[in-house]
Amino acid sequence: MKTLSTEKVIFWQEHILKAKHHPTGIQSYLDLHNLPQSSFYKWQAKILNLRSANKEIKKMRSVFLPVVVSKSVTPEISYNPQKDLPDPEWVAKVLANLIRELT
């Protein structure tokens with residue numbers, strides 16, 4: 001299968017967006033910029049397919065974190081903030097990964 005070049009995708013994304021908002025219509029925009037109508041609609045379909053494929057991939061990714069459950073022999077009742085808080089660097093990495101997965 002042929003891969004799409006990033007430059008072409010960006011080129012057509014910009015033209016598709018501008019053509020849709022052109023005051024005199026898509027065909028007028030295409031004529032003005034000397035763009036073939038067949039290429040315009042071909043790329044519009046490709047880009048829509050890329051977007052829907054990306055949405056499906058994001059849906060398949062899990063945003064949940066693995067949790068290990070273990071039984072403690074003696075449960076701790078007292079709270080020691082120095083001991084009970086997780087490492088700040090670890091928390092930052094967890095949050096960064098979570099945010100990346102949600103966007």
Side-chain angles (χ1 to χ4, degrees):
M1 187 174 152
K2 216 174 176 182
T3 59
L4 302 176
S5 76
T6 307
E7 293 84 18
K8 282 188 178 181
V9 172
I10 291 170
F11 172 86
W12 281 105
Q13 276 180 325
E14 289 174 359
H15 280 295
I16 290 166
L17 184 63
K18 289 176 183 176
K20 286 185 175 184
H21 293 94
H22 194 266
T24 57
I26 292 174
Q27 190 58 52
S28 174
Y29 179 88
L30 296 177
D31 293 340
L32 182 66
H33 293 279
N34 205 21
L35 298 170
Q37 184 182 33
S38 60
S39 295
F40 175 84
Y41 288 108
K42 178 182 79 169
W43 276 97
Q44 183 178 9
K46 282 183 181 184
I47 290 168
L48 287 174
N49 286 339
L50 284 174
R51 286 181 184 158
S52 59
N54 285 338
K55 284 181 185 176
E56 289 301 314
I57 290 170
K58 281 187 177 182
K59 283 182 191 175
M60 290 187 300
R61 289 185 192 161
S62 176
V63 294
F64 295 102
L65 300 172
V67 176
V68 177
V69 179
S70 64
K71 292 183 180 180
S72 177
V73 178
T74 51
E76 288 191 31
I77 299 170
S78 63
Y79 174 72
N80 180 346
Q82 298 293 356
K83 181 181 174 195
D84 294 337
L85 292 176
D87 176 47
E89 195 173 316
W90 177 84
V91 172
K93 286 179 183 177
V94 169
L95 290 174
N97 286 325
L98 182 60
I99 291 168
R100 186 172 1 116
E101 292 295 323
L102 293 174
T103 56

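Residues: numbered from 1 along the sequence shown. Because the structure is a prediction, the values reported are computed rather than measured.
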For this session: Mind checking side chain to side chain contact (heavy atoms under 4.5 Å, CB included) for Pro23 and listing every partner two or more places apart, or none if nothing turns up?
Result: none
For this session: Could I get the full list of side chain to side chain donor-acceptor pair (under 3.5 Å) partners for Gln13, not counting sequence neighbours?
Result: none
List the atom pairs, with distances to 0.1 Å, where a side-chain N or O of residues 14-22 and a protein N or O form a donor-acceptor pair under 3.5 Å, not counting sequence neighbours.
| residue | atom | partner | partner atom | Å |
| --- | --- | --- | --- | --- |
| His15 | ND1 | Tyr29 | OH | 2.7 |
| His21 | ND1 | Leu17 | O | 2.9 |
| His22 | ND1 | Thr24 | N | 3.3 |
| His22 | ND1 | Thr24 | OG1 | 3.0 |

Exercise. Linking I/L/V/M/F/W/Y whenever their side-chain heavy atoms sit closer than 4.5 Å, directly or via other members, would Leu32 and Phe11 fall into one cluster?
Worked result: no
Problem set entry | Distance (rounded to the nearest 0.5 Å) between Asn49 CG and Gln44 CD | 11.0 Å
Problem set entry | salt bridge (charged side-chain N to carboxylate O under 4.0 Å, His left out) involving Lys42 - partner list, sequence neighbours excluded | none
Exercise. With Glu7, which residues qualify under salt bridge (charged side-chain N to carboxylate O under 4.0 Å, His left out), at least two apart?
Worked result: none
For this session: Give the minimum heavy-atom separation between Trp12 and Phe40, together with the two atoms involved.
Result: CZ3-CA, 3.6 Å
Exercise. Going from OH on Tyr41 to CD1 on Ile26, what distance comes out if it is rounded to the nearest 0.5 angstrom?
Worked result: 4.0 Å
